[in-house]
Amino acid sequence: MDQQFPRWARLPLRPVGPGGSDHVIFRLGDGLSVRLPRHEGATGQAHKEAEWLPRLAPHLPLTVPTPVAVGEPAFGYPWPWAVSRWIDGEVATVEALGDSTETALRLAGFLRALQCCAPPDASAADGRPDLTGEPLGARDRDTREAIAATGDRFGARAMTRLWEAALGAPAWDRPAVWFHGDFHTGNLLTHGGRIGAVIDFGGLGTGDPAPDLTIAFTLMSPRSRHAFRTALGVDDATWARGRGWALATGLNAHTAYAATSPRIAAQTTRQITQALIG
């Protein structure tokens with residue numbers, strides 16, 4: 001920090017917990033945050049956010065991170081890292097907002113606005129694997145293994161039916177749109193009891209918006225989920241793929257972390273069971 005950004009050398013640097021599986025987070029002074037990737041798979045986020053968030057932010061109804069600088073590898077740390085403006089807020093919780101129709105409508109409005117932003121032209125996107133995302137089918141093997149491992153807990157037959165319906169749903173056949181890519185409660189901040197900010201755009205990409213429907217199953221109740229789907233105008237095929245994404249990501253996190261983190265165990269249990277409800 002001192003050598004790359006000497007203007008911030010005297011500011012206090014404090015860790016922020018619990019952080020996430022991809023980044024270690026620090027607060028720098030009162031107005032800045034520093035995010036350092038924990039593993040190689042998260043190393044592209046600093047440059048991606050610096051490139052795209054300034055273009056998207058003016059069109060979005062909720063606050064998103066404001067990139068300030070990208071740090072380069074140094075002193076044995078091997079990856080680029082990000083400095084952004086600090087955003088005040090509390091992480092969204094099911095207890096506070098799960099049954100809130102207002103919250104569901106605010107999130108639908110954010111996704112509508114994001115999807116209306118002009119994506120890169122097709123030729124540019126084709127040359128940018130960091131923007132294309134992962135097809136749902138790429139998770140087939142891991143998801144089926146996770147279903148087998150957790151079938152006694154959640155119901156292997158029901159999960160298999162959901163998963164096969166998601167894989168069999170018609171693919172997105174409309175123009176590519178922007179998606180957040182990791183749209184869940186941990187990446188939503190509240191201020192004054194209302195959703196105020198969306199953070200962590202490492203999964204940002206263009207294509208099928210179904211991955212962002214995961215929020216309907218991590219945060220919402222059946223009642224607020226219905227309001228969300230109606231406001232967003234989601235067709236049956238996209239909803240089926242969204243349920244598949246919720247199941248796959250929930251199972252992945254559950255099998256990886258539930259044994260060591262009661263918080264993640266509770267969150268992913270809810271996500272999986274809500275996805276099964278629909």
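Only this structure's heavy atoms are used, side chains among them; waters, hydrogens and symmetry mates stay out. Worth saying up front: this structure is predicted, and the values here are computed from it rather than measured. Counting begins at 1 with the first residue of the sequence.
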Within a radius of less than 6.0 Å around CG of Asp88, do more than 12 heavy atoms belonging to other residues, nucleotides or ligands occur?
-> yes
Donor-acceptor side-chain pairing of Thr249 and Asn252 below 3.5 angstrom | no
Should the pair Asp22-Arg35 be classified as a salt bridge under the 4.0 Å nitrogen-to-oxygen rule?
-> no
Contacts satisfying side chain to side chain donor-acceptor pair (under 3.5 Å) that involve residues 91-100 (not counting sequence neighbours) are Asp99-Ser221, Asp99-Arg223, Ser100-Thr103
If you draw a 6.0 Å radius around CD in Glu90, do more than 12 non-hydrogen atoms from other residues or ligands fall strictly inside?
-> no
Inspect the surroundings of CZ in Arg141 and state if more than 12 heavy atoms from other residues, nucleotides or ligands are less than 6.0 Å away.
-> no
Flag this pair as yes if the NZ/CZ of Arg10 is under 6.0 angstrom from the six-membered ring centre of Trp8 and inside a 45 degree cone about the axis; otherwise no.
-> no
Mutual orientation of the aromatic rings belonging to Phe217 and Trp239 [parallel < 30°, tilted 30-60°, perpendicular > 60°] | tilted
Would you say Arg157 has more than 12 foreign heavy atoms packed within less than 6.0 Å of its CZ?
-> no
Are His254 and Phe154 an aromatic pair by the rule of ring centers under 6.0 Å?
-> yes
Do the charged groups of Arg229 and Asp236 touch, with an N to O distance under 4.0 Å?
-> yes
Taking everything shown except Arg14 itself, do over 12 heavy atoms lie less than 6.0 Å from its CZ?
-> yes
Check ion pair Arg144-Glu164 (N to O, under 4.0 angstrom) = yes
